[in-house]
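Contents: one structure, followed by commentary.
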Amino acid sequence: MGTSGNTFRAQCIDKVRRIKALGIDPYPSTSRRTHMAADVHERFDELDGQVVTVAGRMMSRRGHGQLVFADVQDQSGRIQLMVASENLSPTSPEHGTLGFDDAAQLVDIGDIIEAEGTVTRTRRGEDSVRVDRFRLLSKSLQPLPDKWHGVTDEEVLARKRYLDLIMNPAKRERFVMVSDILLGVRTFLNERDFVEFNTPILQPLYGGGRAQPFRTHVNAIDSDYYLAISHELYLKRLIIAGFERVYTIGRYFRNEGIDKTHNPEFSMLETMTAFEGYEFNMDLTEALYKHLAADVVGKKTVSVKGQPVDLMGEWPRESMLDLVHRRCGIDFRAVGDLDVANAALADNHLRPQPTVGHALTSLFEEVVAPELIQPTIVYGYPVEVSPLAKAMADDPRFVERFELYVGGIEQGDNWSELNDPDELGRRFQAEQQRRGAVEDVEAHPVDHEFLEAMEYGMPPTTGVGPGIERLAMLLTEADSIADVIFFPLLRPLALPSATEPAERTAGGGEGAPAASEEGGVGAPPGAAKPPEIQ
C-alpha cells in the first residue's frame, strides 16, 4: 500500500485518476465509522469477535505478500488493521470499497481510510481489526514527515502545526486543555451569576486600555474602525443598562511586538461587577485560578522556567511602592520631581519617562516584576498609567488597581472603575495632551459617546482581565504563547507570481525529511513542479 520516489505528488494524482476510473470517489462525503480506536482497546472483551468500522489516517504498514498490517490513527489513538487478501472484499463501485490488489497499488501512508472488520487479538497480543471491507476517504497528495525525526524547524512547527500533531498526537492535549480552561472559566463565572455577552470587535473608537490599535475601513458606512484592543467600555455600558455581573471572552488586537508572551491577536476574559471594589476581584481572581488549577487541569503546582510555582498556597498582596522600595532602594512616596525619578531609571539602565508615575511603573516592570515567581497580587498603580481606574482615597497619585504576577509574567489587569464622568473626561484630555507632547501612540483617545453614557450614572464597579493564552501557558507549563495558539501570527511566505506556479516541497514542508515506508511514504525535498489535478 505504498510507493516512494521523488515524484510522490505526481504519482498520487495519477492514483486519484485511477481510483476514479474504477468508479470510486476518492473523496466521499461521509464515513460509516462505528467505533473510535480507543473504544476497541478499552472495550476489547465486549467487542471481541464483533464487527466494527474504524476510520482515520493510515500511519504505517508492515508485511508483504497476501497479509499486511497497518495502523490507523484517529483523535482517540491508534488501532492495528490486519488486511488479508483472502478476507478482503473485492473492489466495488457500489460500496466504494477497494480490493486487496487495488488497495496495495493505490493507497499510501498518510491517506484517510475506513476499515470494517472483526475485532480480534493477534498472537503477539495486539488488539486489531481483521478487515473485510476497505474504503478510501481522502487521498493525501503530500508525504508525511519522517516518523523518527518529525518536524523540528520552529517556524514549520508553528506554520504547519497540523503536520507536527499528525506525527505527535500527544501534543493535541495542550490545545484540548486550552478548550477545557475556557469551559472552566465560563462554568466558574456562570455559577456566580455572571452573564456572558458578545461585544464588538469592530469599534468606531478604540479604548479600554493603552495599546496601539489596528485600523480598518468599513465600506458600507465609509468610516474607519478599529479592531478591539479591549471590550471594557462596552461592558461598562451593560452595567449602566442595569446588568450587575457581566463578562466576555473575546478576541483582542494590539499592533505591538511578537515574543514569547505577546501575539498581536489574542483572547482575554473581561468581567464587570457592579456594587463592588477591586478587593472583590482580588478574591475572585485567586479563586478562579485555584479552581482551574485544581479542578480543571488537576495541578496544584506548576513549573515555570524550571521553577515550581505553588498555585494553591497563600497569595501575598503587595503595593508597587513597597516592592520597588525594597528592590531598588527608592521610595516613590517621597518622589515628586521627574529628574529624581529618571535618575533612578538611569541607575538601572532604563530609559527616561515622561512622568513620575511612568518612571515608577518602568522600574517595577523591568526590575521587580520578573522576580515575582510565586503568585503575587500587586496593587497601587500610578494614575498616569491607569486612566480608567478610581483614585485611592488616601493618595490620589495612585489608583485602586492590581495585577497578578506568576512566574514573572503579568497575568491580567484589574481595578475599581472610575465612575466620575468629569474626572474621566479630564484624564482623557490629559492622555491626549501627552500623545501630542511625547508622541504616545498608546494614549487613550477621548470617547465622547462613552462619556455621555457615563453621565447617566454607573454604580461602583470593578473588572478583571486575565489573558487566556497566558493563563493557558501557566497551567499547561508552556514556554511560549505560540505553544498555546494553534495559529500564531507569522510573517507571510513569499507568494509566487500569477505566471509562475509554486513548486511544492515534498516531505511535509520546508526542509522536512520524507517519510520512511514504516512511518509514511514520501519524496525527498526539491521535487519537480507538481502537475495539476484534472
Could you check whether the rings of Y252 and F266 sit parallel, tilted or perpendicular, using 30° and 60° as the cut-offs? parallel

S128 (side chain) donor-acceptor with R130 (main chain) under 3.5 angstrom: no

Enter the distance from E286:CD to M312:CE here, rounded to the nearest 0.5 Å. 9.0 Å

Any heavy-atom pair between the side chains of L227 and L202 that's under 4.5 Å? yes

For T271 and L189, work out which heavy atoms get closest and say how close. CG2-CD1, 4.1 Å

Nearest atoms (heavy-atom pairs only) where D102 meets L98: CB-CD2, 4.1 Å

Donor-acceptor check, side chain of R161 to backbone of I485, threshold 3.5 angstrom: yes or no? yes

Interatomic distance, L238 atom CG to L233 atom CG [nearest 0.5 angstrom]: 11.5 Å

Would you find more than 12 non-hydrogen atoms of other residues, nucleotides or ligands less than 6.0 Å from R121 atom CZ? yes

pair T97-L88: side-chain heavy atoms closer than 4.5 Å: no

Using the rule given for side-chain contact (heavy atoms from CB on, under 4.5 Å), can you reason through V129 versus V72, listing the C-alpha separation, both sets of side-chain angles and the distance that settles it, and then say yes or no? CA-CA 10 Å; V129 175; V72 62; over 6 Å; no

Using modelled atom types only, decide if a donor and an acceptor are shared between the side chain of T118 and the backbone of G49 within a distance under 3.5 Å. no

What are the two closest heavy atoms between P308 and T301, and how far apart are they? CB-CG2, 4.1 Å

Tell me, do Q374 and V309 make a side-chain contact under 4.5 Å, heavy atoms counted? yes

Taking C-beta and beyond as the side chain, do V464 and L288 meet within less than 4.5 Å on heavy atoms? no

Scan side-chain atoms only and decide if N198 and Y234 contain a donor-acceptor pair under the 3.5 Å cut-off. no

Atom pair CZ (R172) and CZ (F486), whose distance is rounded to the nearest 0.5 Å: 9.0 Å

Please answer whether the main-chain N or O of G465 pairs with a side-chain N or O of D413 as donor and acceptor at a distance below 3.5 Å. no

Derivation of the side-chain contact (heavy atoms from CB on, under 4.5 Å) call for V131 and N87: CA-CA 7 Å; V131 180; N87 295 327; over 6 Å; no

Hey, is the main chain of D132 close enough, under 3.5 Å, to the side chain of S89 for a donor-acceptor pair? yes

Work out which heavy atom in C12 is nearest to a heavy atom in S140; give both atom names and the distance. SG-O, 3.5 Å

Ignoring hydrogens and angles, tell me if any N or O in the side chain of T34 forms a donor-acceptor pair with the backbone of R32 under 3.5 Å. no

Drop me the distance from D108's CG to L136's CG, to the nearest 0.5 angstrom. 9.5 Å

Tell me whether the NZ or CZ atom of R192 lies within the 45° cone about the ring axis of F188 and under 6.0 Å from its centre. yes

Is any side-chain heavy atom of H291 closer than 4.5 Å to a side-chain heavy atom of V296? yes

Tell me whether the count of non-hydrogen atoms from other residues, nucleotides or ligands lying under 6.0 Å of CD in Q75 goes above 12. no

For V16 and L141, run side-chain contact (heavy atoms from CB on, under 4.5 Å): C-alpha distance rounded to whole Å, both residues' side-chain angles, the deciding distance at 0.1 Å, then the answer. CA-CA 9 Å; V16 169; L141 305 183; 4.2 Å; yes

Is there a side-chain contact between V302 and V297, using heavy atoms and a 4.5 Å cut-off? no

Ion pair check, E469 and R174, cut-off under 4.0 Å: no

If only atom types and distance count, is the side chain of E403 paired as donor or acceptor with the main-chain N or O of E410 below 3.5 Å? no

Heavy-atom count check: over 12 atoms from other residues, nucleotides or ligands less than 6.0 Å from F243 CZ? no

Which value, rounded to the nearest 0.5 Å, describes the distance between M268 atom CE and I229 atom CD1? 9.0 Å

Distance col, row K260:NZ vs I409:CD1, nearest 0.5 angstrom, shows 10.0 Å

Just so I know, are the side chains of L137 and P28 near enough to count as touching, which here means a heavy-atom distance under 4.5 Å? yes

Using a 6.0 Å cut-off, check whether atom CG of D224 has over 12 heavy atoms from anything other than its own residue. yes

For R186 versus Y247, what's the shortest heavy-atom pair and its separation? CG-OH, 3.5 Å

With a 4.5 Å heavy-atom cut-off, do R135 and H95 have their side chains touching? no

I need the single residue from R61, R62, R57 that forms a side chain to side chain donor-acceptor pair (under 3.5 Å) with D71. Which is it? R62

Lys/Arg-Asp/Glu bridge criterion (N-O < 4.0 Å) met for R251, E265: yes

Dump the intermediate steps for ring pair (Phe, Tyr, Trp, His ring centres under 6.0 Å) on Y405 and F364, then the final yes or no. CA-CA 12 Å; Y405 279 82; F364 168 74; 5.3 Å; yes

Is the number of heavy atoms from other residues, nucleotides or ligands under 6.0 Å of D259 CG greater than 12? yes

Could you check whether any side-chain N or O of D74 sits under 3.5 Å from a backbone N or O of G77, counting only pairs where one atom can act as donor and the other as acceptor? yes

Please walk me through it: do H262 and R470 pass side-chain contact (heavy atoms from CB on, under 4.5 Å)? CA-CA 9 Å; H262 293 87; R470 290 190 184 181; 3.0 Å; yes

Can a donor-acceptor pair be found, under 3.5 Å and without considering hydrogens, that links the side chain of K290 to the backbone of G313? yes

Could you tell me whether a side-chain N or O of Q73 sits under 3.5 Å from a main-chain N or O of I166, the two making a donor and an acceptor? yes

